[in-house]
Amino acid sequence: MENMVYAEELVREFLVFRGFTNTLQAFVKELGTDIGKGFQVDKILDLIFSIYIPKFQAENLIQLLRFFNNCFSSHETHLISVISELDISIIHYYIIHAIQAGRKDKVIELFDIHGTELLQKDQHWASWFAIPYIKAPQSEPQFRVYFSKEWSNALHLSLRNFLTKMFNGTRIPALMKISSERNMVSRLKGDIKQLNFKLAQLQVSLEEKETQLHHNSLLATEVIVGTDSSSNPLAGSGEPIVFVPASHVICVSASAQAGEREPKHSEDIRPDDTQVSTSKISNHSGQNTGNDAQREEEFPEVRVDFQETFLGHTSPISRCRFSATGDNVASASVDGTVRIWTYDSSAPTSRNATIYCGAEIMSLEWECKSDRLLLIGTADGGIKAWNVDAKRVVCDLSCTEAFPSVLDLKCSPVEPIFVSAAASRWPGSSDIGKLGYASLTVWNMRTWKAMTVLPLGEDPPPITSVCFNHNGKLLAAAATDGMIHMFDMSAGLQITGWPAHDSAISSVLFGSDETSIFTLGVDGKIFEWSLQNQGKVLWSSDCSRFCNLRSSSHYKHEMALDAYGRRLLVTSNSLRAPIYQVRGHAYGMRTLPHSASITTVDWHPTSPIFLTGSADHSVRVTSMA
């Protein structure tokens with residue numbers, strides 16, 4: 001049935017493409033009166049025994065029998081004879097049912113219209129012409145068997161078995177095979193994605209082992225404790241002596257030796273610079289921060305397997321998101337236009353669409369369980385739900401007039417709900433730091449009604465970004481006062497929170513292992529916070545050279561984690577975006593350049609493929625080699 005529906009859709013698409021409007025209208029009309037019921041046996045039996053015969057629709061019954069005679073006319077001779085016998089039995093059943101219901105007039109009407117045709121096919125009908133005039137035909141030996149329950153049950157079973165056999169053996173048209181082949185290709189792609197995911201996990205594990213071995217070897221060769229007084233002038237003092245290889249010695253000026261402070265730019269020290277104090281080594285061994293990371297301008301360019309550029313927008317890109325499967329992409333521009341498209345040439349384009357929202361797009365979110373629904377948040381307080389299959393807006397919600405800016409939308413990965421982060425706005429202001437107050441609303445995706453408003457206290461600062469954890473039980477919300485708020489979604493209450501930044505937070509994400517949370521501040525600082533030890537920073541970096549909000553004409557910067565939680569992609573005021581290696585000794589990378597700043601980013605849900613949207617009106621899909 002799925003194959004047939006898909007084939008019918010292809011025919012419609014082709015007729016529209018060629019402009020065959022009259023043929024299309026006739027095709028749609030024929031579909032509306034599909035006499036063969038899509039070759040579904042149960043529906044055909046219901047049509048015969050529950051509609052045509054009980055309602056005495058003899059003309060429709062005869063037409064259906066003629067239709068099947070035409071369908072099966074090319075089969076073997078013995079099957080054609082079986083079809084003829086079944087036709088006769090079905091008409092017998094109609095006549096017997098009419099007599100039992102006291103409607104002999106319907107039998108006479110049948111013979112008046114089709115009697116000659118029936119008699120030409122089989123002479124045995126001559127005796128049946130008398131049946132409406134016999135007082136008790138069920139007592140006549142010739143007709144007695146047709147009134148029995150056993151005969152009617154045998155007819156039902158014989159017809160079901162025959163239709164099932166015929167439909168299963170019918171040659172499938174080439175057009176209907178397309179859907180089966182497409183499904184097979186999709187399954188193979190899914191298998192490839194799973195295998196790639198397992199391969200990437202093994203590669204990450206291998207890199208971790210190699211990094212650990214390299215780190216241990218450095219400690220073993222660079223930290224040497226000696227007590228030989230003959231070779232060391234400090235021997236005998238009881239203090240352990242640490243020797244540092246000459247290639248790693250940090251030069252200190254005379255003024256610094258005289259008591260002045262050392263250079264303040266800790267970025268000048270590379271990750272492999274050895275600390276002189278053994279206590280310092282032990283204190284810093286468990287935490288890798290952005291201060292000891294390689295400078296972004298030294299990042300190597302990412303190695304690319306393939307790259308596709310989408311040029312369907314006419315203004316700067318504000319948001320772009322992969323769908324739940326990664327097969328479709330939604331991108332929005334500041335002129336209020338949303339485009340749905342696919343980067344894979346083998347994928348169907350039936351879901352491609354352009355949506356005109358009439359206001360600036362501030363947030364996009366796909367339904368987590370499928371690619372069917374896309375949520376769109378606008379600057380005028382609107383939330384639209386777009387059905388990609390039906391190609392229409394199925395719901396158009398509105399926040400209260402007090403909170404017109406829908407800054408973020410997030411769907412629960414488990415429940416049919418989503419959360420909207422809306423904010424009031426001071427007149428004439430679009431700066432993230434000049435918004436008014438916040439509102440966090442939970443919406444039901446079945447009734448499309450607001451369920452509850454999460455408590456944030458009196459006059460709360462705007463919530464710029466929200467994120468669910470893997471089971472939808474926790475919601476993290478980032479605010480412009482630098483606070484992280486954590487909510488228990490089952491109770492609808494805030495359970496904890498902590499100050500994460502000295503400035504407004506632009507983006508928040510749960511880590512892939514669900515034990516940490518990432519935050520990006522408008523000052524360009526990135527922190528990974530432990531959820532098991534609240535307030536502890538597991539990793540940090542400074543991308544202020546890329547994320548200078550004051551020089552950005554776009555609303556807010558954002559970040560995205562890859563499927564393995566190892567690479568963090570961040571938007572950029574530069575032509576390239578940085579990709580940081582989270583908690584790794586390996587250096588980061590840079591994306592290939594756009595011709596303007598990079599305003600939005602996203603990662604594919606399962607593959608090493610990322611999206612970058614730019615102020616140059618383009619969206620790029622890049623697959624890493």
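In what follows, residues are counted from 1 in the order of the sequence shown.
At least one side-chain heavy atom of W498 sits less than 4.5 Å from a side-chain heavy atom of M486. Using a 4.5 Å heavy-atom threshold, the side chains of T612 and S614 count as separate. Side-chain contact check for H501 versus K525: some heavy-atom pair is nearer than 4.5 Å. Under the 4.5 Å side-chain criterion, counting only non-hydrogen atoms from C-beta, C399 is in contact with V406. In this structure, the side chains of V508 and V466 stay at 4.5 Å or more apart for every pair of heavy atoms. A heavy-atom distance below 4.5 Å is not found between the side chains of R319 and D602. Two residues are said to be in side-chain contact when any heavy atoms from C-beta on lie closer than 4.5 Å; M451 and I417 meet this criterion. Side-chain atoms of M489 and V419, non-hydrogen and from C-beta on, do get closer than 4.5 Å to each other.
A search for salt bridge (Lys or Arg N to Asp or Glu O under 4.0 Å) contacts involving D562 returns R567, not counting sequence neighbours. Residues meeting the ring pair (Phe, Tyr, Trp, His ring centres under 6.0 Å) test with W386, sequence neighbours left out: none. In this structure, F518 has no ring pair (Phe, Tyr, Trp, His ring centres under 6.0 Å) partners at least two apart in sequence or on a different chain. Under the salt bridge (Lys or Arg N to Asp or Glu O under 4.0 Å) criterion, E528 pairs with R583, not counting sequence neighbours. For F197, the ring pair (Phe, Tyr, Trp, His ring centres under 6.0 Å) partners two or more places apart in sequence, or in a different chain, are Y564.
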TODO: Evaluate the criterion side chain to side chain contact (heavy atoms under 4.5 Å, CB included) for residue pair E301 and L592; output intermediate values, then yes/no.
DONE: CA-CA 7 Å; E301 194 173 75; L592 271 60; 3.8 Å; yes

TODO: Could you check W366 against L373 for side chain to side chain contact (heavy atoms under 4.5 Å, CB included), going step by step and ending with a plain yes or no?
DONE: CA-CA 6 Å; W366 286 91; L373 284 177; over 6 Å; no

- [ ] With side chain to side chain contact (heavy atoms under 4.5 Å, CB included) as the test, would you mind laying out the steps for L569 and W603 before giving the verdict?
- [x] CA-CA 8 Å; L569 176 61; W603 279 98; 3.4 Å; yes

Open item on the list: Could you walk me through whether I609 and F322 satisfy the side chain to side chain contact (heavy atoms under 4.5 Å, CB included) test, starting with their C-alpha distance in whole Å, then the side-chain angles of each, then the deciding distance to 0.1 Å, before giving a yes or no?
Closed with: CA-CA 10 Å; I609 303 174; F322 277 112; 4.0 Å; yes

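The aromatic rings of F299 and Y580 sit perpendicular to each other, their planes meeting at more than 60°, with 30° as the lower class boundary. Using a 30° and 60° split on the angle between ring planes, H313 and F310 fall in the perpendicular class, above 60°. Ring geometry, Y343 versus H604: the interplanar angle exceeds 60°, so the pair is classed perpendicular (tilted spans 30 to 60°). Ring planes of W443 and F418: parallel class, angle under 30° (limits at 30 and 60°).
Separation of atoms CG (D502) and CG (D481) is listed at 11.5 Å; rounding is to 0.5 Å. To the nearest 0.5 Å, atoms NZ (K449) and SG (C395) are separated by 10.5 Å. Distance CD1/I463 to OG1/T480: 7.5 Å, rounded to 0.5 Å. Rounding to the nearest 0.5 Å gives a distance of 9.5 Å between CG of D396 and CD1 of I376. The distance from the OG atom of S530 to the CG atom of L538 is 5.0 Å, given to the nearest 0.5 Å. Here SG of C467 is found 6.0 Å from CZ of F510. Values are rounded to the nearest 0.5 Å.
When V522, T571, I598 are each tested for a side-chain contact (heavy atoms from CB on, under 4.5 Å) with H557, only one passes: T571. Residue R321 forms a salt bridge (Lys or Arg N to Asp or Glu O under 4.0 Å) with just one option from E558, E365, E367, and that option is E558.
Remark: E415 does not engage K410 in a salt bridge, criterion side-chain N to carboxylate O under 4.0 Å.
Of the possible polar contacts, none joining the D523 side chain to the S503 backbone as a donor-acceptor pair under 3.5 Å is found. Put simply, the side chain of D371 gets close to the backbone of T325: a donor and an acceptor are under 3.5 Å apart. At distances below 3.5 Å, not a single donor-acceptor pair connects side-chain atoms of S597 with backbone N or O atoms of A615. Without hydrogens or angle criteria, T378 side chain to A359 main chain gives no donor-acceptor distance under 3.5 Å. A donor-acceptor contact shorter than 3.5 Å is absent between the side chain of S315 and the backbone of S333. Not a single donor-acceptor pair under 3.5 Å links the side chain of D488 to the backbone N or O of G492. Listed for the S420 side chain is no donor-acceptor partner under 3.5 Å among the backbone atoms of L409. Put simply, the side chain of N328 never gets that close to the backbone of S323: no donor and acceptor are under 3.5 Å apart. In this structure a side-chain-to-backbone donor-acceptor pair under 3.5 Å is present from R339 to G312. Of the possible polar contacts, one joining the T599 side chain to the I317 backbone as a donor-acceptor pair under 3.5 Å is found.
Residue A500 comes nearest to I484 through the heavy atom pair CB-CG1, 3.7 Å, listed as atom of the first residue, atom of the second, then distance. For S424 against P404, the heavy-atom pair with the smallest separation is CA-CD, 3.8 Å. The shortest non-hydrogen separation linking S572 to P578 is CB-CD, 4.2 Å. The nearest pair of heavy atoms linking G472 to S412 is CA-OG, 4.1 Å. The two atoms that bring G588 and P300 nearest to each other are O-CD, 3.1 Å, heavy atoms only. When all heavy atoms are compared, the tightest approach of P413 to F468 is CD-CB, 3.8 Å.
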Enumerate donor-acceptor pairs with a distance under 3.5 Å from any side-chain N or O in residues 618-625 to protein atoms, sequence neighbours excluded.
residue	atom	partner	partner atom	Å
S618	OG	H594	ND1	3.2
S618	OG	D616	OD1	2.6
S618	OG	D616	OD2	3.3
R620	NH1	P593	O	2.6
T622	OG1	Q307	NE2	2.8

